[in-house]
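Values below: all heavy atoms of this structure, side chains included; hydrogens, waters and symmetry mates excluded. This is a predicted model, so every value here is computed, not measured.
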Amino acid sequence: MSAGVNVAVVGATGQVGRVLLDILAKRSFPVANLRLFASERSAGQAVDFNGRRVVVESIAEQDADTLKGLDIAIFSAGGAVSKAYAPVFESAGVIVIDNSSAWRKDPEIPLVVSEVNPDDLDATLSSGRKIVANPNCTTMAMMPVIKPLHDAKGLKRLVVATYQAVSGAGVAGVAELNDQAECILKQGAAKLATCPEDVELPEAVKFAEPIAFNVVGYAGNLVDDGTLETDEEQKLRHESRKILHIPNLRVAGTCVRVPVFTGHSLVVHAEFEQEVTVGEAAELLKVALGVSLLGTQSVDGVATSLKDENTRPSARGVDVAGLPTPLSAAGADDSLVGRVRQDYSLENPKKGLVLFVCSDNLRKGAALNTVQIAEVLLKKMQKGDNDV
């Protein structure tokens with residue numbers, strides 16, 4: 001691998017695919033040769049990467065013979081494409097890092113957050129399966145924050161409300177919010193405050209209700225199992241259990257779609273086996289990989305929080321004057337966490353914390369973690385810990 005890695009990106013012309021290529025370039029991932037794949041419709045397009053023009057190939061025309069020589073393939077083209085073609089790459093000896101939900105529940109496939117459970121990748125390098133799953137973007141935002149707290153205090157239960165940006169629904173979700181907002185603004189959006197009946201709301205297509213200037217208490221697709229949960233809500237449960245290796249972890253989630261273009265937010269109620277103060281949590285989160293703590297820190301053993309709601313956010317990192325928001329998270333690698341406080345709904349509030357988390361769902365929530373997984377795999381290969 002000293003000469004570089006032969007990399008494929010499947011779904012290269014999509015929203016996440018373009019972010020992925022940018023991250024590969026900016027992190028100086030050692031790409032020796034790059035091949036880009038997409039649907040027949042996008043085949044033939046030329047994409048710039050690090051000063052090169054790379055022509056997009058049709059994924060439908062590939063087989064094990066045409067894929068030989070590749071080392072790593074990063075998929076971001078949806079579950080159906082991943083199910084159909086990840087095994088084809090795997091049969092050619094290529095390690096697949098998949099960004100869809102296709103493989104997350106498979107017990108033979110590791111589900112990895114690079115800062116949380118990188119050692120789960122050892123099985124990929126030593127066993128027959130060569131597929132790694134990337135978690136859902138909401139689970140991804142929470143895991144780097146929860147893992148150090150769990151390691152120190154023993155996690156028992158999570159109750160999570162997510163406020164998910166429209167870019168999580170793809171380009172069509174972004175377009176729907178933009179078009180609806182423009183339509184309502186032309187009519188005078190302030191009318192919504194007192195006489196909403198005078199505003200003609202655009203038709204909802206991508207989401208269950210109009211998303212502009214609104215909140216839709218339903219993100220994902222209803223699961224046909226009688227729970228009345230969406231698949232987004234169940235992903236929080238199943239993926240948290242698998243990543244943290246807590247098979248019976250109690251998790252309840254409510255996933256909400258909000259009129260934000262990029263940046264998912266989560267309110268997390270976490271209950272622990274042992275007592276944990278806000279100051280202790282802050283000390284753990286200050287040094288956690290993939291986390292920037294804002295708005296709460298321990299000063300001489302005393303938790304210091306935001307003074308008032310008008311305090312302006314400043315630099316990312318440990319900062320008593322900061323507040324996580326989707327706008328501040330956009331473009332950031334870390335999960336931003338703040339509003340850390342005890343959970344006074346518990347009989348013993350010191351056994352619970354409430355946190356507010358924001359993360360860029362297109363970056364860490366999708367593209368960045370796949371590249372970080374590739375970086376971890378490369379380091380393991382170079383150390384010679386596994387025969388590949």
Colleague: Mind listing the side-chain donor-acceptor pairs of residues 213-222 below 3.5 Å, one per line with the distance, residues two or more places apart or on another chain?
Modeller:
unit_1 : atom_1 : unit_2 : atom_2 : d
N214   : ND2    : P210   : O      : 2.8
Y218   : OH     : L222   : N      : 3.0
N221   : ND2    : D231   : OD2    : 3.4

Colleague: Hydrophobic cluster membership, with links at side-chain heavy-atom distances under 4.5 Å among I/L/V/M/F/W/Y: are V88 and L70 in one?
Modeller: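 As far as the 4.5 Å side-chain criterion goes, L70 and V88 are connected within one cluster.
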Colleague: Can any side-chain N or O of D343 pair as donor or acceptor with the backbone N or O of S345 at less than 3.5 Å?
Modeller: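 Indeed, once roles are kept as given, a pair shorter than 3.5 Å links the two residues.
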Colleague: Using the rule given for side-chain contact (heavy atoms from CB on, under 4.5 Å), can you reason through E57 versus L36, listing the C-alpha separation, both sets of side-chain angles and the distance that settles it, and then say yes or no?
Modeller: CA-CA 6 Å; E57 303 174 60; L36 304 181; over 6 Å; no
Colleague: Do T370 and N99 get their side chains close enough for a donor-acceptor pair, meaning under 3.5 Å?
Modeller: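 No - no donor-acceptor pair under 3.5 Å links their side chains.
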Colleague: Does the salt bridge (Lys or Arg N to Asp or Glu O under 4.0 Å) test come out yes or no for K83 and D98, once each step is laid out?
Modeller: CA-CA 10 Å; K83 275 291 190 183; D98 181 52; over 6 Å; no
Colleague: Taking C-beta and beyond as the side chain, do V31 and R52 meet within less than 4.5 Å on heavy atoms?
Modeller: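 They are in contact (side-chain heavy atoms under 4.5 Å apart), so the answer is yes.
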Colleague: Enter the distance from L20:CG to I74:CD1 here, rounded to the nearest 0.5 Å.
Modeller: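 Result: 4.5 Å between the selected atoms.
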Colleague: Nearest 0.5 Å, what's the CG-CE distance between N136 and M143?
Modeller: 11.0 Å
Colleague: Evaluate the side-chain contact (heavy atoms from CB on, under 4.5 Å) criterion for residues T262 and N361: first the C-alpha distance (whole Å), next the side-chain angles of each, then the deciding distance (0.1 Å), finally the verdict.
Modeller: CA-CA 7 Å; T262 289; N361 54 294; 3.6 Å; yes
Colleague: Verify, without hydrogens or angle tests, whether R341 (side chain) and R339 (backbone) share a donor-acceptor contact under 3.5 angstrom.
Modeller: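 Yes; at least one donor-acceptor contact below 3.5 Å.
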Colleague: To the closest 0.5 Å, what do you measure between CG (N117) and NZ (K147)?
Modeller: 8.0 Å
Colleague: Establish whether I59 and V94 are linked, either directly or via other cluster members, by ILVMFWY side-chain heavy-atom contacts under 4.5 Å.
Modeller: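 Hydrophobic grouping puts I59 with V94.
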Colleague: Give the intermediate values and the outcome of side chain to side chain donor-acceptor pair (under 3.5 Å) for residues E233 and T227.
Modeller: CA-CA 11 Å; E233 291 157 355; T227 63; over 6 Å; no
Colleague: Flag the pair L355 / L285 as yes when at least one side-chain heavy-atom distance between them is below 4.5 Å, and no otherwise.
Modeller: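 Yes; the side chains approach each other to less than 4.5 Å.
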Colleague: Should D71 and K130 count as an ion pair when the cut-off is N to O under 4.0 Å?
Modeller: no
Colleague: Only pairs at least two apart or in different chains count here, so list each ring pair (Phe, Tyr, Trp, His ring centres under 6.0 Å) that has a residue in residues 77-105.
Modeller: F37-F89, F75-F89
Colleague: Taking the side chain as every heavy atom from C-beta outward, state whether L353 and K153 have any atom pair closer than 4.5 Å.
Modeller: no
Colleague: Backbone N or O of A165 within a donor-acceptor pair of the R257 side chain at under 3.5 Å?
Modeller: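 Yes; judged by distance alone, with no hydrogens or angles, the pair exists.
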Colleague: So do the side chains of R27 and L368 get within less than 4.5 Å of each other, counting heavy atoms only?
Modeller: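 When only atoms from C-beta onward are counted, L368 and R27 do touch, with a gap below 4.5 Å.
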Colleague: Got T139 and L111 here, is their nearest side-chain heavy-atom distance under 4.5 Å?
Modeller: no
Colleague: Specify the closest pair of heavy atoms between S58 and A43, including all atoms of both residues, with the distance to one decimal.
Modeller: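 Answer, listing the atom of S58 first, then A43: N-CB, 3.8 Å.
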Colleague: Within this structure, what is the OG1-CZ distance for the pair T66 and R35, rounded to the nearest 0.5 Å?
Modeller: 5.5 Å
Colleague: Please report the interatomic distance NZ(K351) to CD(E273), rounded to the nearest 0.5 Å.
Modeller: 7.0 Å
Colleague: Table please: side-chain donor-acceptor pairs of residues 240-247 below 3.5 Å, with sequence neighbours left out.
Modeller:
unit_1 : atom_1 : unit_2 : atom_2 : d
S240   : OG     : L236   : O      : 2.6
R241   : NE     : L249   : O      : 2.7
R241   : NH2    : L249   : O      : 3.0
K242   : NZ     : R104   : O      : 2.7
K242   : NZ     : D106   : O      : 2.7
K242   : NZ     : I109   : O      : 2.7
H245   : NE2    : D120   : OD1    : 3.2
H245   : NE2    : D120   : OD2    : 3.0

Colleague: Output yes when a side-chain donor or acceptor of D334 lies under 3.5 Å from a complementary backbone atom of L293, and no otherwise.
Modeller: no
Colleague: Would you please say whether a donor-acceptor pair under 3.5 Å links the side chains of T162 and Q164?
Modeller: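 Present: a donor and an acceptor within the cut-off.
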Colleague: According to a 4.5 Å side-chain heavy-atom criterion applied to Ile, Leu, Val, Met, Phe, Trp and Tyr, with indirect links allowed, do V5 and V10 form part of one hydrophobic cluster?
Modeller: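 In one cluster: no.
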Colleague: Which heavy atom of S265 sits nearest to which heavy atom of C358, and what is that distance?
Modeller: OG-SG, 3.3 Å
Colleague: Please step through side chain to side chain donor-acceptor pair (under 3.5 Å) for the pair D225 and Q234, ending with a clear verdict.
Modeller: CA-CA 11 Å; D225 62 0; Q234 292 197 353; 2.9 Å; yes
Colleague: Within the structure provided, determine whether S167 and Q15 are in side-chain contact (heavy-atom separation under 4.5 Å).
Modeller: yes
Colleague: With a 4.5 Å heavy-atom cut-off, do V376 and Q372 have their side chains touching?
Modeller: no
Colleague: Working to the nearest 0.5 Å, report the span between NZ of K26 and CG of N50.
Modeller: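 So the gap between those two atoms works out to 11.0 Å.
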Colleague: Work out which heavy atom in P118 is nearest to a heavy atom in V112; give both atom names and the distance.
Modeller: CA-CG1, 4.4 Å
Colleague: Please walk me through it: do S101 and K235 pass side-chain contact (heavy atoms from CB on, under 4.5 Å)?
Modeller: CA-CA 9 Å; S101 61; K235 288 171 189 175; 4.3 Å; yes
Colleague: Do the side chain of N134 and the main chain of I97 share a donor and acceptor less than 3.5 angstrom apart?
Modeller: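 Not a single qualifying donor-acceptor pair exists.
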Colleague: Salt bridge or not for R18 and D22, using N-O below 4.0 Å?
Modeller: no
Colleague: Does V19 share a hydrophobic cluster with V81, counting links as ILVMFWY side-chain heavy atoms below 4.5 Å and allowing steps through other members?
Modeller: no
Colleague: Given 3.5 Å as the limit, does a donor-acceptor pair link the side chain of Q342 with the main chain of V278, or not?
Modeller: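 Here the side-chain-to-backbone pair exists.
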Colleague: Does any part of the side chain of D333, heavy atoms only, come nearer than 4.5 Å to the side chain of K364, both counted from C-beta?
Modeller: no
Colleague: Side chains of residues 168-188: which donor-acceptor partners sit under 3.5 Å, not counting sequence neighbours?
Modeller:
unit_1 : atom_1 : unit_2 : atom_2 : d
E176   : OE1    : K206   : N      : 2.7
E176   : OE2    : Q180   : NE2    : 3.4
E176   : OE2    : V205   : N      : 2.9
E176   : OE2    : K206   : N      : 3.1
Q180   : OE1    : I211   : N      : 2.9
Q180   : OE1    : A212   : N      : 3.2
Q180   : NE2    : E203   : O      : 3.3
Q187   : OE1    : E200   : N      : 2.7
Q187   : NE2    : C183   : O      : 3.3
Q187   : NE2    : E200   : O      : 2.9

Colleague: Please name the pair of heavy atoms, one in L155 and one in A270, separated by the smallest distance, quoted to 0.1 Å.
Modeller: CD1-CB, 4.1 Å
Colleague: Do you know the tightest heavy-atom contact between D360 and A332?
Modeller: CB-O, 4.0 Å
Colleague: Any idea which heavy atoms bring V357 and A141 closest together, and the distance?
Modeller: CG1-O, 3.7 Å
Colleague: Give the cluster check for V354 versus L284: same hydrophobic cluster or not, with ILVMFWY residues linked at side-chain heavy-atom distances below 4.5 Å.
Modeller: no
Colleague: Can you list the other members of the hydrophobic cluster that holds Y344, where links are side-chain heavy atoms under 4.5 angstrom apart?
Modeller: none
Colleague: Show every ring pair (Phe, Tyr, Trp, His ring centres under 6.0 Å) that has at least one partner inside residues 256-287, sequence neighbours left out.
Modeller: none
Colleague: Using a 3.5 Å distance criterion without hydrogens, assess whether the side chain of N6 forms a donor-acceptor pair with backbone atoms of G69.
Modeller: yes
